[in-house]
Novice: 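Dropping the structure in here first, questions after.
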Number of protein chains: 2
Amino acid sequence: MTINTEIITHNISFFRKQKNWTQQELADKLKISRSVIAKWENNIVTPDIISLIKLSEIFNITLDHLVGNDSFRHDILKEFKRVYSSKTTPFDDEVIELIEFLMTNPTLKQEVQRIKNLPLKKQQSIQTVLSELIDQFEKI
Amino acid sequence: MTINTEIITHNISFFRKQKNWTQQELADKLKISRSVIAKWENNIVTPDIISLIKLSEIFNITLDHLVGNDSFRHDILKEFKRVYSSKTTPFDDEVIELIEFLMTNPTLKQEVQRIKNLPLKKQQSIQTVLSELIDQFEKI
DNA sequence: CGCATAATGTTCTAATTAGGAACATTATAC
DNA sequence: GTATAATGTTCCTAATTAGAACATTATGCG
């Protein structure tokens, strides 16, 4: 995937207009100069991460949404983005299933919690062993 | 909400270690100098948005998680609660924490999903072994 | 249309900041 | 305890940014 700043800067313009704000209004909210906004929107300058986070809050969208990051499409988290931007949509089945699976499997839930409480190195070791273990059971 | 870069740079360090990579390995993946990684992790320099997006892809997490975007997190949790209260299922805060844990830990998440897809008997076997495994690591 | 002014775009400058290479320190393995 | 891997730091150069001032374009209204 090729990443460029064009989408990001274009999105800033898009979401500002969606809110019906002028560059000056947005600049005031961020307490920066208006000309900076103009340069962001025309992709002359790329906003720093702090400004982007503030923008995502002001626009009430996720950072991933703001920067047009869809690389995690195959991840569970992609749905969170969707849910976040349209509250009427139910949760993704995958997420719900994972939750319900853990809620209905106290044993495994507890084990995950125990893993969660271990130091990182030990977590990694367990994951390595576990991966092998599952491999074997999948093969049987 | 106060935003600072500390969380971001700390997270880079955290997720790199979670993957068991050296700074050099991460630098190679990003095709940049290792010293830059070091400066990121020590909050001497703040990575630009393009690098952050690449990092989120490499770490396989969302940008929001990488930068520790809390406002996003709260909204997600609200959604969980909404969905679950409407299902009259008792809402379990512990599960939320687990989901959070799994979201920032793609490897383990995947393993749980694999377990979920196994037949019950095999699930139980794995849980038994896993329990013993965790025991040992907790004792060390 | 033609004017006023709101909105946006661009240029210039000063200052900050990032990145890489080299060097310094700390951690780890044997 | 030493060798080496891993990480931290400094110095330098190059690139980037924010703001102010100025230029252009868009919009509303008589």
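The figures here come from the full heavy-atom set of this structure, side chains too, leaving out hydrogens, waters and symmetry mates. Just so we're on the same page: letters track the sequence lines, and every chain starts at 1.
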Novice: Quick one: which of C:dG19, D:dT17, D:dG19 gets closest to the side chain of B:Val45?
Specialist: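 Selected nucleotide: C:dG19.
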Novice: With sequence neighbours excluded, what pairs up with A:Arg34 under the salt bridge (Lys or Arg N to Asp or Glu O under 4.0 Å) test?
Specialist: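 So A:Arg34 forms no salt bridge (Lys or Arg N to Asp or Glu O under 4.0 Å) with any residue.
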Novice: Using the test side-chain contact (heavy atoms from CB on, under 4.5 Å), find all partners of A:Asn117 that sit at least two apart in sequence or belong to another chain.
Specialist: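 side-chain contact (heavy atoms from CB on, under 4.5 Å) check on A:Asn117 returns nothing, list empty.
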Novice: Which is true for A:Trp21 with a 4.0 Å heavy-atom rule: it touches a base, it touches only sugar-phosphate, or it touches nothing?
Specialist: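 No contact at all - A:Trp21 keeps every heavy atom at 4.0 Å or more from the nucleic acid.
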Novice: When you measure from the side chain of A:Asp48, which nucleotide among C:dG19, D:dA18, D:dA6 comes out closest?
Specialist: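 The answer is D:dA18.
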Novice: Kindly give the heavy-atom pair with the smallest separation between A:Ser56 and A:Leu66, and that separation in Å.
Specialist: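 Scanning both residues completely, I find the closest heavy atoms to be N-CD2, 3.9 Å.
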Novice: From CD1 of B:Ile37 over to P of C:dG20, roughly how many Å is that when rounded to an integer?
Specialist: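 Those two atoms, CD1 and P, are 9 Å apart.
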Novice: How many Å lie between CG on B:Leu52 and C1' on C:dA18, as a whole number?
Specialist: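 Between C1' of C:dA18 and CG of B:Leu52: 13 Å.
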Novice: Please give, in whole Å, the distance from D:dA18 C1' to A:Lys31 NZ?
Specialist: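 Spelled out: NZ on A:Lys31 to C1' on D:dA18 is 17 Å.
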Novice: How many whole angstroms separate atom CG of B:Asn20 from atom P of C:dT28?
Specialist: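 Rounding to the nearest Å, CG of B:Asn20 and P of C:dT28 are 12 Å apart.
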Novice: Considering only residues two or more places apart or on different chains, which pairs with a residue in residues 11-43 of chain A satisfy ring-ring contact (aromatic ring centres under 6.0 Å, His included)?
Specialist: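 Listed once each, the pairs are A:Phe15-A:Phe59, A:Phe15-A:His65.
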Novice: Show the atom names and distances, to 0.1 Å, of all donor-acceptor pairs under 3.5 Å that link a side chain in residues 127-136 of chain A to residues at least two apart or in another chain.
Specialist:
unit_1	atom_1	unit_2	atom_2	d
A:Gln127	NE2	B:Asn105	OD1	3.4
A:Thr128	OG1	A:Gln124	O	2.8
A:Asp135	OD1	B:Arg114	NH2	2.6

Novice: Across the strands shown, which category fits A:Ile32 at heavy-atom distances under 4.0 angstrom: base, sugar-phosphate, nothing?
Specialist: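 Sugar-phosphate contact only.
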Novice: So which pairs with a foot in residues 12-32 of chain B pass salt bridge (Lys or Arg N to Asp or Glu O under 4.0 Å), sequence neighbours left out?
Specialist: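 Counting only pairs at least two positions apart or across chains, the salt bridge (Lys or Arg N to Asp or Glu O under 4.0 Å) contacts touching residues 12-32 of chain B are B:Arg16-B:Glu41.
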Novice: Taking side chain to side chain donor-acceptor pair (under 3.5 Å) as the test, write out the residues that go with A:Ser51, two or more places apart.
Specialist: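 A:Ser51: side chain to side chain donor-acceptor pair (under 3.5 Å) contacts with A:Asp48.
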Novice: CG of A:Asp28 versus P of C:dA6: gap in Å, rounded?
Specialist: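 Taking CG of A:Asp28 and P of C:dA6, I get 14 Å after rounding.
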Novice: Can you name the closest pair of heavy atoms from A:Gly68 and A:Asn11 and give their distance?
Specialist: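 Heavy atoms only, the tightest pair is N-ND2, 3.7 Å.
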Novice: State whether A:Trp40 places a side-chain N or O below 4.0 Å from either non-bridging phosphate oxygen (OP1 or OP2) of D:dA18.
Specialist: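 So the side chain of A:Trp40 is within the cut-off, an N or O lying under 4.0 Å from OP1 or OP2 of D:dA18.
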Novice: How many whole angstroms separate atom NZ of A:Lys121 from atom C1' of D:dA6?
Specialist: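 Checked: the NZ to C1' distance equals 11 Å.
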Novice: What pairs of nitrogen or oxygen atoms, one from the protein and one from nucleotides 8-11 of chain D, lie under 3.5 Å apart?
Specialist:
unit_1	atom_1	unit_2	atom_2	d
D:dG8	OP2	B:Gln23	NE2	2.7
D:dG8	OP2	B:Asn42	ND2	3.3
D:dG8	N7	B:Arg34	NH1	3.4
D:dG8	N7	B:Arg34	NH2	3.4
D:dG8	O6	B:Arg34	NH2	2.6

Novice: From CD1 of A:Ile8 over to P of D:dT17, roughly how many Å is that when rounded to an integer?
Specialist: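 These atoms are roughly 12 Å apart.
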Novice: Applying side-chain contact (heavy atoms from CB on, under 4.5 Å), can you list everything that pairs with B:Ser33, at least two apart in sequence or on another chain?
Specialist: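 If we apply the side-chain contact (heavy atoms from CB on, under 4.5 Å) test to B:Ser33, skipping adjacent residues, the hits are B:Ser35, B:Val36.
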Novice: Figure out the CG/C1' separation between B:Leu30 and C:dG19, and round it to whole Å.
Specialist: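 Computing the B:Leu30:CG to C:dG19:C1' distance gives 13 Å.
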Novice: To the nearest 10°, let me know how far the axis at one end of the helix from C:dC1-D:dG30 to C:dC30-D:dG1 is tilted from the axis at the other, five pairs an end.
Specialist: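 Axis angle across the helix from C:dC1-D:dG30 to C:dC30-D:dG1, nearest 10°: 50°.
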